[in-house]
Amino acid sequence: MQLWIGLCLPRLPLEVFCPSWSADPLGVVLEQEQVMALSPLARAAGIKPGMRRAGALMLAPQARLHERSFALEAQALQAVALALLQYSPQVAQGEEATLLVDAGASLRLFGGVRALCRRIETSLRALGYTAVLSCAPTARGAWLLARANTRRSRVLGMASLVRRLDRLPCALLPPARPYLDWLEGIGCRTLGQLRQLPRPGLQRRCGAALLGMLDDAHGHGTELFVWIEAPPTFRASLELFDRVENADALLFGARRLLQQMTGWLCARQFAVERIALLLAHERGRVARPPTVIELALGEAVWRDEHLLRLLKERLAQLVLDAPVIGLVLEALQVQAMAPPSETLFPEPGGTPQERQRLMELLVARLGAENVLQASPRADYRPEAANQWLPLPAKPLAKNALPDLPPGLPGMPRPGWLLAQPIALLMREHRPFYGSPLKMVSVAERIEAGWWGQSQARDYFIAEGRDHAHYWVYRERIAGSGEDAAPRWFLHGLFG
């Protein structure tokens, strides 16, 4: 299915200074000393487009006046295009602050047109921009519907598109704007009326560009685009327009940068293993090095949900030593994106990747020193065969674990190993623990330890009168005679 999504950013000149998720100040953007964009609060104060600087300040002395920055607008469009690459590899920039996405091959992946549009709108809100979305079978048709900002701007069929385009004003086409007075004089106000004019005369009067746009919008021409390409490495920055002293308030900016990184990862077919978020502080005489928040992941990811949760936990624990004026996000280590699992039946209890992400979230919330995991050691003594270490950034490979020769075949181990062995009483020449214990297995001899800590034990599985099973051992003392009384210890309990 051929489908294009057009995005128009009508408030871009203002939102490069005041993102949509920030507080709504009295923001005014000037171009050649005249108001060309303003916030709702500024409009409520009486400021109107086209008003001079002095008139705006007279009505609202507290208004924040900004000179229009075409450089910032170009950077913002590039950031939005980079984020859109997570939905389609074919994104192109159109005229007048618009972007075009060839989404025909992405509909099945994202669950249809409506679901895809909702996800794009969510990404744009996270970036801080207000956008008008449209859908059409042609790119120029989607561009015209987005620029028109009508209530019903999403059409899927060519016949519906033609009917919708015929009602749009001629002023939407840039080549037609120099001739609007002439078109108004002959009673031509809509694109449908414009199409009914004789083509040779219209081309001589207005040029071939006007007819070319009309043909492209109605599917009669060949549309060529220069696709936006993702850079080889990712490093994105965001300048904050106020000094932030609370680390929690930085999450909005971090989410904005994560959206761009997600698009970059999808475009490059990468998954990220390690990222760094730099918090820039004051410059000049009071300059100080940036605060670095580094995240190392056990499983590489290419979506922003897990990274956002980890950053939220880290920022909640961070105490800022100085106000933050900017953010920088960098992908330090990436790898090729792994293909999706082909397992027919899902693993009970979640996938290994989901469990690893849970551990990473616990480390970010509780600290690395409070989340420990058992790590085997090359020691035959049961109480020394394990140690508790902080959770590593990556799960240990099987060949990295210590490899001991196997014990006796068929000899089970208890599910509960006591922290310290308990000395047992002897009654009627048998170890006693609530009742006399009867040995139900052959002996398993364990000898280990060096430099004065050597241990020699014979382990047995014992059974009490209540049929409970215990793991006991008889201590073998070097140099003791045959007549020495054996010493028995309880070391574990079976379920």
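As the structure is a prediction and not an experimental result, all values here were calculated from the model.
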Item to check | Intermediate values then yes/no, salt bridge (charged side-chain N to carboxylate O under 4.0 Å, His left out), Arg256 and Glu15 | outcome: CA-CA 13 Å; Arg256 184 175 183 173; Glu15 288 176 341; over 6 Å; no
Next on the checklist: The test is side chain to side chain contact (heavy atoms under 4.5 Å, CB included); show your working for Leu311 and Arg255 and say whether it passes.
Outcome noted: CA-CA 9 Å; Leu311 284 178; Arg255 188 183 181 191; over 6 Å; no
Next on the checklist: Working note: Leu308 + Leu251, criterion side chain to side chain contact (heavy atoms under 4.5 Å, CB included); need CA distance, chi angles, decisive distance, verdict.
Outcome noted: CA-CA 8 Å; Leu308 188 63; Leu251 189 63; 3.7 Å; yes
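Residues Leu279 and Leu318 have side chains in contact (heavy-atom distance under 4.5 Å, counting atoms from C-beta outward). Two residues are said to be in side-chain contact when any heavy atoms from C-beta on lie closer than 4.5 Å; Ser39 and Cys18 fail this criterion. Using a 4.5 Å heavy-atom cutoff, the side chains of Pro382 and His491 are in contact. At a threshold of 4.5 Å between non-hydrogen side-chain atoms, the residues Asn386 and Leu417 do not count as touching.
Here the options are Glu330, Arg268, Met261, the test is side chain to side chain contact (heavy atoms under 4.5 Å, CB included), and the partner is Phe234; only Met261 passes.
Residue Arg114 qualifies as open at atom CZ: its count of foreign heavy atoms under 6.0 Å is 12 or below. Counted within 6.0 Å of CZ on Arg64, heavy atoms from surrounding residues, nucleotides or ligands total 12 or fewer; the atom is thus considered open. For CZ of Phe252, the number of neighbouring non-hydrogen atoms (other residues, nucleotides, ligands) closer than 6.0 Å is 12 at most. Residue-environment remark: CD (Glu229) stays at or below the threshold of 12 foreign heavy atoms within 6.0 Å. Other residues, nucleotides and ligands contribute over 12 non-hydrogen atoms within 6.0 Å of the CD atom of Gln62.
Distance check: Leu257 CG to Ser237 OG gives 7.5 Å after rounding to the nearest 0.5 Å. Leu389 CG to Leu372 CG: the interatomic distance, rounded to the nearest 0.5 Å, is 8.0 Å. Here the CG atom belonging to Leu100 is positioned 12.0 Å from the CD atom belonging to Gln90, to the nearest 0.5 angstrom. Note that CG of Leu277 and CG of Leu295 are 8.0 Å apart. Values are rounded to the nearest 0.5 Å. Once rounded to the nearest 0.5 Å, the distance linking CD1 of Ile293 with CG of Leu315 reads 4.5 Å. In this structure, CG in Leu124 is found 9.0 Å from OG1 in Thr130, a value given to the nearest 0.5 Å.
Ser435 places no side-chain N or O within donor-acceptor distance of the main-chain N or O of Gly464, the cut-off being under 3.5 Å. Remark: side-chain polar atoms of His469 are paired, donor with acceptor, to backbone N or O of His467 under 3.5 angstrom. Between the Ser88 side chain and the Ala103 main chain, no donor and acceptor come within less than 3.5 Å of each other. Between the side chain of Ser153 and the backbone N or O of Leu133 there is at least one donor-acceptor pair closer than 3.5 Å. The backbone N or O of Pro323 lies less than 3.5 Å from a partner atom in the side chain of His281, making a donor-acceptor pair. With Arg314 contributing its side chain and Glu294 its backbone, the two residues share a donor-acceptor pair below 3.5 Å.
No hydrogens or angles considered: a donor-acceptor pair under 3.5 Å links the side chains of Gln259 and Gln86. Side chains of Thr122 and Arg125: a donor-acceptor N/O pair is present below 3.5 angstrom, by distance only.
Taking the six-membered ring for Trp, Trp264 and Phe270 have ring centres closer than 6.0 Å. Between Phe225 and Trp4, a ring centre-to-centre spacing shorter than 6.0 Å is recorded.
Residues forming a side-chain hydrogen bond (donor to acceptor under 3.5 Å, both in side chains) with Tyr473 (at least two apart in sequence, or on another chain): none.
Ring orientation note: the planes of Tyr433 and Tyr470 are nearly perpendicular, at an angle over 60° on the 30°/60° scale.
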